[in-house]
Structure formats: structure tokens, C-alpha cells
Q: 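Have a look at the structure that comes next, please.
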Amino acid sequence: MDKQTFLQELDYRLRHMPEEDKLDAIEYYSEYIDDLNLPPECDICVHLGSPKEVARQIIADTTERKIDEQQEKNTTKGFGSIIWLVILGIFASPIALPLAIGAIAIIFAGLITIGSVVFALGVSGISCVISGIAMFFTGFFTGELGLAQTFVNFGEGLVVLGLGILLTILTVILARCFVSLISSIIKKRLSKNKARKAQEA
Amino acid sequence: MTYQLTAPLLDACVLGVVEKEDVYGYTLTQRVMDVVDISESTLYPVLRRLQKSGLLETYDIPFQGRNRRYYRITPPGREQLHFFRSEWITYKDKIDSLLGSPKLITAE
């Protein structure tokens, strides 16, 4: 990376910092790069690290200083700017981190949703089975019902019982699919990581 | 380096170097890097912090058609440096009392 690109990117990464702090940093590094006296084809990042890393250090230190000032003054004025700087710090940190948190949250939410649908199916299946059996037997134990009503109850009980058994079977199948889906995702992740590590090594 | 340089110690070292003579960023960094294990971008935040808290001040000197920013120690900076020095000696003595200095070990 040459001087101009380096300073431009540093400027961009420090864009939310107070103007004065930003200009001071840019001036310092501009001067420093001149003093390094590198041949034009040399990469500045080898010496200074990437503009991202440099910016991170500056933001972290400014944040610390602001917090210290705040504690000395013991007021809540300027508290907003500290929060702002902390957020900046998070975004200046390796971008993978916030993104990974988001992705994990989304995957987790999806799994919970599918899981609860399966759970609900299972519960309705089992309750159908129970109520089916109960209906079937009411025919025997309540003598006051007429013969016709008893047969109706028999029939209804059998229908609900059958429905319940079907739902339960369906739940078991779905749950199996769900588990194998999760395990295949995890396996893919692991093998990808392994491949990446093998490449790096 | 086995032992880590903490932030106050780094502040102290920078003040110590600047007390001897006024320096600009590049020479200061090279001088500190010769002795301790820091990266080339470590000192900017330190210098900025010391400047903001009034322990260092800056002035510009034209050099080859651009400016060089020199850092100079201020009276509060000197005071702070004295404090850092006495703290360092106390700390060093305490650690030595636990660790034993090389001289003591050979004497036994």
C-alpha cells in the first residue's frame, strides 16, 4: 500500500472521530511515512500495520481518554460520545465478529422456530391419541347415553385416535429430518474449517 | 521479551526519552523500539495522550518542504516523570526482594 492509499483509508476509518483528533493522526502518520523513507514499491503496512489496525488503536485510546476525563469530571455530559466511540471500536474490530454474532443469532432463531413447530405437532398428536382413547371409552362408562350415541362416540374416538397416531408419526419423521439437518450443517462447517486450516498450514 | 510493557511504563519511557532532548515521532519510535518490543504504530496514541494531558507539547520545524512535529516535555511532564521514576524504583525494589537480584544469588 502506498502513502496516499494508506492515509486515505486511515482518514475514512477515523471519519467519526472529532475532526481535530483525526487531522492530528493523519498529520502524524503522513510525517512518519515520509521519515520512513521507503522506496516507492515498499508496502507501508509492513511497518505500521494496516490502516484498520492503526485506526483501531487510535479509537481505543481516545475512548479510554474520554472515559477517564468523564470520571474526573464526574458528570454525564459527553456520555453519548463515549457510547458512540465504543460502537465505533466494535465496528473497527475485525468485521467478522459482529457479523458472526448476527449470523449465529439468525441461525439460532431459525432452529428454534422449526423446533417449536415440530414440538407443537407432537403435542397435538399425543393429545389427539389421549382424547381419542377417552372418547372411545366414554361409550362404555356412561350408561345414560343411548345406543346410537354410544356408537357415535366409538366412531369419533377411533377417528381422533387415528389422527393422533398419524400426527405422532409425522412428528417423529420431521424431528429426524430436523436433527439430521442440524448435524449436516455442523459437519459442513467443521469440514470447511478443517479445509481452511489445512490450506493455511 | 518475557515481560510485558504496561501503559504507564510506556508513558514513563516516552517522557524519559523526550526529557533528554526534543524528538519527532520517527526518531522517538526508533529509539524506544531499539530497547523494547513495540510496533511502529504503538507510540502515536501514547504521544497524543501525553499531549492532551499537558505533559508534552509540540512545535513544528520546516524540513524539506514539509513540517516536522517535535515533542517537548512540559513542567507538569517533568513532575510526572519524577513521580514515574520513584514509582519505578519502589516497584523494582519490591520485585527484587521477591525475585532476588543476580548479585545476591552469586554471593551466597
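Letters A, B, ... mirror the listed sequences (proteins, then strands); counts begin at 1.
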Q: Roughly how far, to the nearest 0.5 Å, is OG of B/Ser39 from CD of A/Glu53?
A: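 Between A/Glu53 CD and B/Ser39 OG, I get 8.5 Å after rounding to 0.5 Å.
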Q: Taking every heavy-atom pair that is under 4.5 Å apart, which of B/Arg48, B/Gln64, B/Lys52 has the most such pairs with chain A?
A: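 Sorted descending by pairs with chain A, the first entry is B/Arg48.
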Q: Report, in residue-number order, which members of residues 66-76 of chain B are under 4.5 Å from chain A by heavy-atom distance.
A: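 From residues 66-76 of chain B, the residues near chain A are B/Arg66, B/Asn67, B/Arg68, B/Arg69, B/Tyr71.
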Q: Run the side chain to side chain contact (heavy atoms under 4.5 Å, CB included) test against A/Ile130 and tell me which residues pass, sequence neighbours left out.
A: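 With sequence neighbours excluded, A/Ile130 shows a side chain to side chain contact (heavy atoms under 4.5 Å, CB included) to A/Ile126, given in chain and number order.
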Q: Which atom pair, heavy atoms only, marks the closest approach of A/Asp61 to B/Pro45?
A: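 Where A/Asp61 meets B/Pro45 most closely, the heavy atoms are OD2-O, 3.4 Å.
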Q: On a heavy-atom basis, which atom in A/Asp21 and which in B/Tyr44 lie closest, and how many Å separate them?
A: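 In this case the closest contact between A/Asp21 and B/Tyr44 is O-OH, 3.9 Å.
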Q: Which members of residues 25-39 of chain A, sorted by number, sit under 4.5 angstrom from chain B on a heavy-atom basis?
A: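 If one takes a 4.5 Å heavy-atom cut-off, the residues of residues 25-39 of chain A near chain B are A/Ala25, A/Glu27, A/Tyr28, A/Tyr29, A/Glu31, A/Tyr32, A/Asp34, A/Asp35, A/Leu36.
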Q: Should we count OH of B/Tyr59 as having more than 12 external heavy atoms under 6.0 Å?
A: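 Counting neighbours around OH of B/Tyr59, more than 12 heavy atoms of other residues, nucleotides or ligands fall under 6.0 Å, so yes.
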Q: Report, one line per pair, each donor and acceptor closer than 3.5 Å where one atom sits in a side chain of residues 78-89 of chain B; sequence neighbours left out.
A:
| from | atom 1 | to | atom 2 | distance (Å) |
| --- | --- | --- | --- | --- |
| B/Arg85 | NH2 | B/Glu19 | OE1 | 3.0 |
| B/Ser86 | OG | B/Phe83 | O | 3.0 |

Q: For B/Ser41 and A/Gln57, which I'm curious about, is there any donor-acceptor pair between the side chains at under 3.5 Å?
A: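 Judged by distance alone, the side chains do pair up.
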